[in-house]
Number of protein chains: 2
Amino acid sequence: MNVTSKQIAELCGVTRGTVDRALNNRPGIHPDTRDKIMRVAEELGYRPHFLAQSLVKGHTKTLGIVLFDIHNQIFSQLFHAFEAEARKRGYIVYLVLSNRDKELEMEYINNLFDRRVDGIALLPANDNKKFESFLLRSRTPIVTFGNRLFGPFPYIWINDKQAICDSVAFLADQGYRHLIYLSPPLMRKGKENIYVPEQRYQGFIEACAEIPAMRFNVIAHKQYLTELETLLETIDSKCAILCSSDVYALEVLKWLKARKIRVPDQVGLMGFDNIEFLKYINPSLTTVDYNVNEIGTKLADLLIRRINDEEVPVETLIDHHVLQGESVMSE
Amino acid sequence: MNVTSKQIAELCGVTRGTVDRALNNRPGIHPDTRDKIMRVAEELGYRPHFLAQSLVKGHTKTLGIVLFDIHNQIFSQLFHAFEAEARKRGYIVYLVLSNRDKELEMEYINNLFDRRVDGIALLPANDNKKFESFLLRSRTPIVTFGNRLFGPFPYIWINDKQAICDSVAFLADQGYRHLIYLSPPLMRKGKENIYVPEQRYQGFIEACAEIPAMRFNVIAHKQYLTELETLLETIDSKCAILCSSDVYALEVLKWLKARKIRVPDQVGLMGFDNIEFLKYINPSLTTVDYNVNEIGTKLADLLIRRINDEEVPVETLIDHHVLQGESVMSE
DNA sequence: CTGTTAGCGCTTTCAG
DNA sequence: CTGAAAGCGCTAACAG
């Protein structure tokens, strides 16, 4: 069914070299033969065999993007922007989900290498040196985001530490004197790459340490709700729960509602990411907002520029700001 | 950097044919030479060139999936399941987003054809005959979902018409005597493939027609909220708004809250899809629930079976049921 | 301006 | 058991 350049050559009574010159309009061919070849190609609905082309050209116009999963809406928004930019620049993208499984992540990346993707956008779950040298060995351009590696891999995200510092400062401003930082990913410390959770955590610790009157706790548990329950009973000052991402804040909010604990009257609540779904939540959630579409677009841009051997900054940090909602209140 | 079978052949003093026999453990090779070749391959970290392999084998172990977008969570859930099943069966997947753009959809599908994907899972935005014959011409296995074509393309989804009939029956049971069906996608009638919206619409009309006491309206507008506002003022009987998907129901709920119209006291509200995020919504939304993970998994399964030339049913319908939430109430 | 040749990396058939 | 040769479909360098 599929017509090849060889067939066109035979039909036109020329050789494949000539057909190639016409098809890829390169110089050195008589206008008449070119026209004829183009007409025949058109009629037969000729389409070049992409794999064969890739094999000889050495590139595939394909990008891979590795995410943990796509349940957290922040990543589907990011993907959408990434895909759109990739398309505009002529690339198609493989989306693979590692489910935070380190083995699976390596398997997938290997598979992407085998398929000769031109570049990979990576949200890494692995973090050791072995992994990094594995990535380096392939010489495939890689840009990381949302979690950092320490080899020479460009990174794009936000300044997480600063964002949490800003959040703490904001809550302090509103009169909160006791903060609970909730970040279940921290429990995977030593097991997985938790660069970003760690950054946020440090931001929290440092910011709190600088405010003399501030008391604080950290919850880094799978069973964070039960821990929260016991904790909440012991606190008497004005207290807020700062979550490392909106999805946890939503879980907490749901739980608080079930317990008839009023937000923000009895306890303040703050998330992180400003995912689109927040617009349907009451009370509206105070959160850290940043332009994830911009990240997705720039991620693709950086990757493609690396593919084209252009210089790209090793670190690109997008702006963020605290977005005030009804889930916290002043005095 | 990348080691080829040719290099291994030279190093082992054999020919590439022999190397191939070892690597793909085929019969007709001396155990010793096999061992040696395997050892050398291992040491050099040999990995077969996937594109070259595909070129000669005639398959790519690649699936394409075409979605409108990934903002509606129902589709990210579906993708997750699809991807997981594909991986288990040895496939990697291209995710492309048509944004409901018919031109773009064709471009993308052409691109997937060019790349010789083994099969495509398609949520079609196009619907005319030209499009279908275009799809057929390529002879690439295609399975559709979420919107139907009428060529011989297997289809998997739910029985949408029945689901809306069930919803209407349910609402009637609860004592509602006036229903507003809200389905903005209907406005694209004649412009795009709206098979599923149409099915749901017909379910609504037919079900209402069978209930003598029932009055009803349909909103199929982009500016559905303003239309809703004027409509609501004219209604005196117990009324519910039935939305063609949860995302519209959430928009409506948000708007009603802003207008201080209480759900379900003043008006009932019902969605469709039961997306995961609903668990964070108050009042909890009455909706139509179905197992979208099952759809994603079966979609991949059907597609792969078609690729393997197995017979697959032309239509696979997953169960659904009305899930009662607090957004509707009896008498 | 066009044909010939070699090659991308792998598989497969046919001899030996 | 192994080598030689052809081919997947396309590109590119070199002659003519």
Side-chain angles (χ1 to χ4, degrees), chain A residues 1-38 40-41 44-62 110-111 113-118 138-140, chain B residues 1-38 40-41 44-62 110-111 113-118 138-140:
Chain A
M1 188 76 212
N2 274 309
V3 28
T4 73
S5 68
K6 190 173 160 188
Q7 296 174 34
I8 297 186
E10 282 166 8
L11 280 173
C12 295
V14 296
T15 180
R16 291 149 75 222
T18 311
V19 171
D20 190 61
R21 273 179 278 256
L23 261 23
N24 301 320
N25 46 56
R26 285 186 313 194
I29 179 172
H30 192 92
D32 293 354
T33 46
R34 152 166 297 146
D35 287 352
K36 178 167 186 192
I37 290 170
M38 293 309 273
V40 173
L44 270 58
Y46 170 80
R47 300 225 106 214
H49 194 301
F50 203 87
L51 297 178
Q53 256 178 175
S54 296
L55 185 58
V56 50
K57 290 212 185 158
H59 64 245
T60 54
K61 285 293 179 181
T62 304
N110 241 323
N111 204 320
F113 286 159
D114 289 349
R115 287 157 184 267
R116 296 300 195 278
V117 294
D118 293 338
S138 87
R139 310 191 57 66
T140 302
Chain B
M1 189 77 213
N2 273 310
V3 28
T4 74
S5 70
K6 191 173 160 190
Q7 295 174 34
I8 297 185
E10 282 168 8
L11 281 174
C12 294
V14 296
T15 180
R16 290 148 76 221
T18 311
V19 170
D20 190 62
R21 274 179 276 255
L23 261 22
N24 301 322
N25 46 56
R26 286 186 314 193
I29 179 174
H30 192 92
D32 292 353
T33 47
R34 153 167 295 145
D35 288 352
K36 179 168 185 190
I37 291 170
M38 293 308 273
V40 174
L44 270 57
Y46 171 79
R47 302 224 104 215
H49 193 301
F50 203 87
L51 297 178
Q53 254 178 177
S54 295
L55 184 59
V56 50
K57 290 211 183 158
H59 63 243
T60 53
K61 285 294 181 180
T62 305
N110 240 324
N111 204 319
F113 286 159
D114 289 348
R115 287 157 185 266
R116 298 298 196 277
V117 295
D118 293 339
S138 87
R139 310 190 59 62
T140 303

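What's counted below: heavy atoms across the whole structure, side chains too, no hydrogens, waters or symmetry copies. Throughout, protein chains are lettered first and strands after them, A, B, ... in sequence-line order, and every chain is numbered starting at 1. Bear in mind the structure is a predicted one, so any value in this text is a computation, not a measurement.
The side chain to side chain contact (heavy atoms under 4.5 Å, CB included) test applied to Lys57(B) returns His59(B), not counting sequence neighbours. Annotation: side chain to side chain contact (heavy atoms under 4.5 Å, CB included) contacts of Glu10(A) (sequence neighbours excluded): Lys6(A). Residues passing the side chain to side chain contact (heavy atoms under 4.5 Å, CB included) test with Thr18(A), sequence neighbours excluded: Val14(A), Thr15(A), Arg21(A), Ile29(A), Ile37(A). Legend: residues meeting side chain to side chain contact (heavy atoms under 4.5 Å, CB included) with Arg116(A), ordered by chain and number and at least two apart, are Thr60(A), Asn2(B), His49(B), Leu51(B).
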* Base-contact (B) and sugar-phosphate-only (S) positions in nucleotides 5-15 of chain C, heavy-atom cut-off under 4.0 Å, - elsewhere -> --BBBBSB---

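Atom P of nucleotide dG9(D) and atom CG of Asp114(B) are separated by 14 Å, given to the nearest angstrom. Rounded to a whole Å, the NE2 atom of His30(A) is 13 Å from the P atom of dG3(C). Taking atom CD1 of residue Ile8(A) and atom C1' of nucleotide dG9(D), one finds them 12 Å apart after rounding to whole Å. Between the CD atom of Glu10(B) and the P atom of dA4(D) there is a distance of 13 Å, rounded to whole Å. Distance, Ile37(A) CD1 to dG3(C) C1': 12 Å, rounded to whole Å. The CD1-P distance, from Ile29(A) to dT11(D), rounds to 13 Å in whole Å.
Phosphate contact (OP1/OP2 of dG3(C), side-chain N/O of Thr18(A), threshold under 4.0 Å): present. Of the side-chain N and O atoms in Thr33(A), none sit less than 4.0 angstrom from OP1 or OP2 of dC1(C).
Between atom OG1 of residue Thr140(A) and atom CG of residue Asp118(A) there is a gap of 8.5 Å, rounded to the nearest 0.5 Å. Separation of atoms CG (Leu11(A)) and NZ (Lys36(A)) is listed at 8.5 Å; rounding is to 0.5 Å.
A donor-acceptor contact under 3.5 angstrom links the side chains of Asn24(B) and Asp20(B), judged on distance only.
Taking the side chain as every heavy atom from C-beta outward, Met38(A) and Asn25(A) never approach each other to under 4.5 Å. With a 4.5 Å cut-off on side-chain heavy atoms, Tyr46(A) and Leu23(A) count as touching.
Where the helix from dC1(C)-dG16(D) to dG16(C)-dC1(D) starts and where it ends, the local axes point in directions that differ by 50°; five pairs per end, rounded to 10°.
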